[in-house]
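The structure presented is a predicted model; accordingly, all values stated were derived computationally and were not measured.
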Amino acid sequence: ASRAISSDTLITESIQWLELGVKQVNVSDVIAKDACVSFGYGPMMMMMEGTCAMVFGKEECEDTDGMVGGGKMFYRGMSCEVALAKHKEYRAAEERDKSRS
């Protein structure tokens, strides 16, 4: 499950922390910093374009049990924009490799 946090959620969670006596919260501790690209496979098992969500660590980007016909790739410290560009590069390289076979 993705933990990308909206500003409304950040405010709500900050208030809850204050109520619990937490005096200081580093915003960087509650904002997802890693990208997870989910994708499917097309004809000839070619990796397709993906969708991206910001996550808190690799464990949030693991394939779920029963996931069929696709996968997920983890991009540490990258925005979704950068991760999707990297995923596109990876797909292009995979296509070149498969066309040579």
Side-chain angles (χ1 to χ4, degrees):
S2 175
R3 278 278 300 165
I5 293 181
S6 71
S7 59
D8 290 341
T9 302
L10 181 58
I11 291 167
T12 302
E13 289 187 8
S14 295
I15 291 168
Q16 290 170 347
W17 290 326
L18 288 171
E19 289 171 350
L20 293 172
V22 177
K23 302 255 188 281
Q24 181 179 354
V25 176
N26 293 325
V27 173
S28 63
D29 292 338
V30 295
I31 296 175
K33 298 179 184 111
D34 304 315
C36 180
V37 175
S38 300
F39 59 90
Y41 289 103
M44 298 181 57
M45 291 303 291
M46 297 300 291
M47 191 181 296
M48 303 300 292
E49 189 171 332
T51 59
C52 184
M54 296 302 291
V55 296
F56 287 96
K58 190 170 186 165
E59 59 280 351
E60 289 189 20
C61 190
E62 294 176 353
D63 293 341
T64 56
D65 290 337
M67 187 173 189
V68 179
K72 294 183 178 184
M73 293 182 78
F74 178 71
Y75 295 88
R76 181 171 307 284
M78 292 185 192
S79 68
C80 276
E81 182 179 3
V82 173
L84 287 169
K86 293 283 186 187
H87 182 71
K88 185 176 183 177
E89 290 173 9
Y90 186 86
R91 288 176 42 231
E94 183 182 60
E95 283 184 40
R96 282 191 302 273
D97 290 347
K98 286 190 177 185
S99 67
R100 291 180 189 151
S101 305

Undergrad: I need the E60 CD to K72 NZ distance, nearest 0.5 Å.
TA: 9.5 Å

Undergrad: How close do A83 and A35 get, counting heavy atoms only, and between which atoms?
TA: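 Scanning both residues completely, I find the closest heavy atoms to be CB-CB, 3.5 Å.
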
Undergrad: Work out which heavy atom in F39 is nearest to a heavy atom in H87; give both atom names and the distance.
TA: CD2-CE1, 3.7 Å

Undergrad: Taking M44 as the starting point, is it possible to reach Y41 by hopping between hydrophobic residues whose side chains are less than 4.5 Å apart?
TA: no

Undergrad: Count I, L, V, M, F, W, Y as connected when their side-chain heavy atoms are under 4.5 Å apart, and connections chain through other members. Are M48 and M73 then in the same cluster?
TA: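 Result: no, two separate clusters.
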
Undergrad: Between CD of E94 and CE of M46, what distance do you get to the nearest 0.5 Å?
TA: 5.0 Å

Undergrad: With sequence neighbours excluded, what pairs up with R76 under the salt bridge (charged side-chain N to carboxylate O under 4.0 Å, His left out) test?
TA: D34

Undergrad: I'd like to check Y75 versus V82 (side-chain heavy atoms, cut-off strictly below 4.5 Å). Are they in contact?
TA: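 In short, these two side chains do not touch, never coming nearer than 4.5 Å.
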
Undergrad: Look up atom CE in M54 and atom CE in M78, then write down how far apart they are to the nearest 0.5 Å.
TA: 10.5 Å

Undergrad: Other residues, nucleotides and ligands only: do more than 12 of their heavy atoms fall within 6.0 Å of CD on E49?
TA: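 Not buried by this count: 12 neighbours or fewer within 6.0 Å.
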
Undergrad: To the nearest 0.5 Å, what is the distance between OG (S79) and NZ (K33)?
TA: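 Output value for this atom pair is 14.5 Å.
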
Undergrad: If you measure from the SG of C36 to the SG of C52, is it under 2.5 Å?
TA: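 No, no disulfide: SG-SG not under 2.5 Å.
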
Undergrad: Would you mind telling me which of K58, E62, E59 makes a side chain to side chain contact (heavy atoms under 4.5 Å, CB included) with F74?
TA: K58

Undergrad: Counting only heavy atoms not in Y90 (residues, nucleotides, ligands), do more than 12 fall under 6.0 Å from its OH?
TA: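 Open: at most 12 neighbouring heavy atoms sit under 6.0 Å from OH of Y90.
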
